[in-house]
Amino acid sequence: MTATVASHRKPRQHPLAALTGGGSRSARTARTAATLALAGAATAATGLEGTAQAAHRPTPAQVKDRIDALYQEAEVATQNYNGAKESADTAREELSRLQDEAARRTRKLNAARTELGTLAASQYRSGGVDPTVRLLLSADPQRYLDGAAVLERTGSHQATAVAGYARRLGSVRQVRQRAEETVERLADTEDRLKKHRVTVVHKLGAAEELLHRLTAEQRQRMAARDGARSGPGQGRTDRGTGRGDGPLDGIPGGAGAAAAQAPSPRAARAVSFAYSALGKPYVWGATGPSAYDCSGLTQAAWKAGGVALPRTTYTQISSGPRVARSQLAPGDLVFFYSGISHVGLYVGDGQMIHAPRPGAPVRIAPIDQMPFAAATRPA
């Protein structure tokens with residue numbers, strides 16, 4: 001009975017059988033439909049993925065915005081680098097001065113020590129060396145210098161010699177202590193210098209990589225949108241002129257007009273210098289004469305006018321009284337971005353001369369090109 005029932009029982013089909021083969025015509029039809037449905041779903045998913053990738057691909061305008069942002073970040077790091085370099089240079093000069101001063105004072109100290117030695121020899125010949133002088137000439141003469149009672153037990157000549165030696169010994173130690181502190185400060189500053197240098201190189205490298213992803217035509221359009229002017233025919237002076245004694249010597253066209261409108265002869269000479277620098281390359285950290293960064297250019301321009309500006313944008317903004325945007329005159333320093341990370345030299349008619357970024361030489365550009373922050377008139 002059990003065997004008979006088993007022979008008529010319909011075999012159980014595996015749930016995946018409809019997709020793996022076997023079965024009736026209707027089952028095969030179902031399998032075909034399911035396969036087509038899965039294939040369609042896969043194709044749709046691939047299409048959606050491709051659409052998503054295309055949607056996330058940046059446009060040339062977005063690439064330009066990112067490049068501009070990287071250059072601006074690099075400029076911030078460049079100004080930090082310039083400030084650290086200025087501090088390092090100052091520390092090196094101070095260290096050199098302290099070393100020279102320590103050497104001079106050491107010579108005087110040795111002369112005082114020789115005088116004490118002569119005094120000791122004289123005392124020895126006359127009957128023995130005073131214990132005070134013997135102690136002074138020992139390995140650690142400082143032990144007795146802290147007490148004034150020593151001088152009271154000596155003769156006037158010996159007291160004068162001991163006091164002179166003590167004074168010189170103390171001054172040498174002070175100078176050497178300042179030199180040691182300067183060495184430590186210099187080491188810290190050089191560490192910051194290296195970090196800022198790495199940041200600048202990284203930012204500029206990233207910007208260049210993005211720039212190379214654009215086609216030549218896109219790069220040309222991007223440069224055209226900058227609205228910058230440079231080179232002959234755009235107010236640039238001849239390389240052999242524009243550096244004369246007078247502010248208008250050899251300055252054609254717009255340069256002469258800008259210099260004539262400057263509020264002072266010094267400002268006129270600064271304008272003259274800026275025009276003569278048109279077309280020179282931007283190099284971060286450079287102060288001329290063959291290349292400049294933004295604050296290096298303004299520093300060099302005003303140096304030609306007889307005014308010594310500090311090195312960075314952060315310090316140049318305090319080099320004179322603030323000027324309202326509506327009151328700008330040729331020669332004024334114009335600063336940009338909330339962090340005061342870029343500076344140019346105003347030349348009139350809403351234009352400035354500035355060193356923009358790597359690959360963009362010193363040029364004339366509208367001050368509206370970047371977020372205006374402040375303006376200063378160097379004195």
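- Two residues are said to be in side-chain contact when any heavy atoms from C-beta on lie closer than 4.5 Å; R178 and E101 meet this criterion.
- Q261 CD to D349 CG: the interatomic distance, rounded to the nearest 0.5 Å, is 6.5 Å.
- Proximity of a side-chain donor or acceptor of Y71 to a complementary backbone N or O of E75 within less than 3.5 Å is not detected.
- Residues forming a ring pair (Phe, Tyr, Trp, His ring centres under 6.0 Å) with F335 (at least two apart in sequence, or on another chain): none.
- Taking hydrophobic clusters as Ile, Leu, Val, Met, Phe, Trp and Tyr residues chained together by side-chain heavy-atom distances below 4.5 Å, L333 does not share a cluster with V323.
- Summarising the geometry of T199 relative to A77, their closest heavy-atom pair is CG2-CB, 3.7 Å, with the distance given to 0.1 Å.
- No side-chain heavy atom of R66 sits less than 4.5 Å from a side-chain heavy atom of Q62.
- Two different hydrophobic clusters hold V334 and L309 under the rule that ILVMFWY side chains link at heavy-atom gaps under 4.5 Å.
- Across every non-hydrogen atom of D293 and G285, the tightest pair is OD2-N, 2.9 Å.
- For the residue pair G331 and L345, the shortest heavy atom distance occurs at O-CD1, 3.3 Å.
- Remark: side-chain polar atoms of T313 are not paired, donor with acceptor, to backbone N or O of V343 under 3.5 angstrom.
- Using a 4.5 Å heavy-atom threshold, the side chains of P361 and P281 count as separate.
- Cluster annotation: I364 is not connected to Y346 through the hydrophobic network of ILVMFWY side chains, with a link wherever side-chain heavy atoms come within less than 4.5 Å.
- For T376 (side chain) and S318 (main-chain N/O), no donor-acceptor pair under 3.5 Å exists by modelled atom type.
- Interatomic distance, W284 CH2 to T78 OG1, rounded to the nearest 0.5 Å: 6.5 Å.
- Below 30°, between 30° and 60°, or above 60°: for F372 and F336 the angle between ring planes is above 60°, a perpendicular geometry.
- The closest side-chain heavy-atom distance from V347 to Y275 is below 4.5 Å.
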Run the side-chain contact (heavy atoms from CB on, under 4.5 Å) check on R322 and I317 step by step: do they pass?
CA-CA 8 Å; R322 296 292 179 91; I317 196 171; 3.6 Å; yes
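- A distance of 11.0 Å separates CZ of R357 from NE2 of H342, quoted to the nearest 0.5 Å.
- Atom CG of L70 sits about 5.5 Å away from atom CD of E73, to the nearest 0.5 Å.
- Paired with E190 under the rule side-chain hydrogen bond (donor to acceptor under 3.5 Å, both in side chains), one option of K85, R185, R92, K195 passes, and it is R92.
- The CG atom of L278 sits 8.5 Å away from the CG atom of L297 when rounded to the nearest 0.5 Å.
- Among all heavy-atom pairs drawn from H354 and G344, the shortest one is CB-CA, 3.9 Å.
- Linking Ile, Leu, Val, Met, Phe, Trp and Tyr whenever their side-chain heavy atoms come within less than 4.5 Å leaves M370 and Y314 in two separate clusters.
- The side chain to side chain donor-acceptor pair (under 3.5 Å) analysis of residues 294-308, with sequence neighbours excluded, yields the pairs Q79-S295, S295-R311, T298-Q316.
- In the hydrophobic clustering of ILVMFWY residues, with side-chain heavy atoms under 4.5 Å counting as a link, Y337 and M352 come out together.
- A salt bridge links E209 with R213: at least one charged nitrogen is closer than 4.0 Å to a carboxylate oxygen.
- Looking at heavy atoms from C-beta onward, R173 lies out of side-chain contact with R176 at the 4.5 angstrom threshold.
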Could you go through the side-chain contact (heavy atoms from CB on, under 4.5 Å) check for Q72 and S341 one step at a time?
CA-CA 8 Å; Q72 202 271 320; S341 59; 2.6 Å; yes
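- Counting heavy atoms from C-beta on, the side chains of V198 and V200 never come closer than 4.5 Å.
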Which is it for Q174 and Q177 under the side-chain contact (heavy atoms from CB on, under 4.5 Å) test, yes or no, and what are the steps along the way?
CA-CA 5 Å; Q174 289 176 359; Q177 177 63 32; 5.7 Å; no
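- Of the possible polar contacts, none joining the S272 side chain to the A268 backbone as a donor-acceptor pair under 3.5 Å is found.
- Checked by atom type, the side-chain pair E86/Y81 shows no donor-acceptor distance below 3.5 Å.
- Scanning all heavy atoms of the two residues, the minimum distance from A355 to V362 falls at CB-CG2, 4.1 Å.
- For the atom pair I67 CD1 and L204 CG, the distance stands at 12.0 Å (nearest 0.5 Å).
- Smallest separation of non-hydrogen atoms from Q351 and P366: OE1-N, 3.5 Å.
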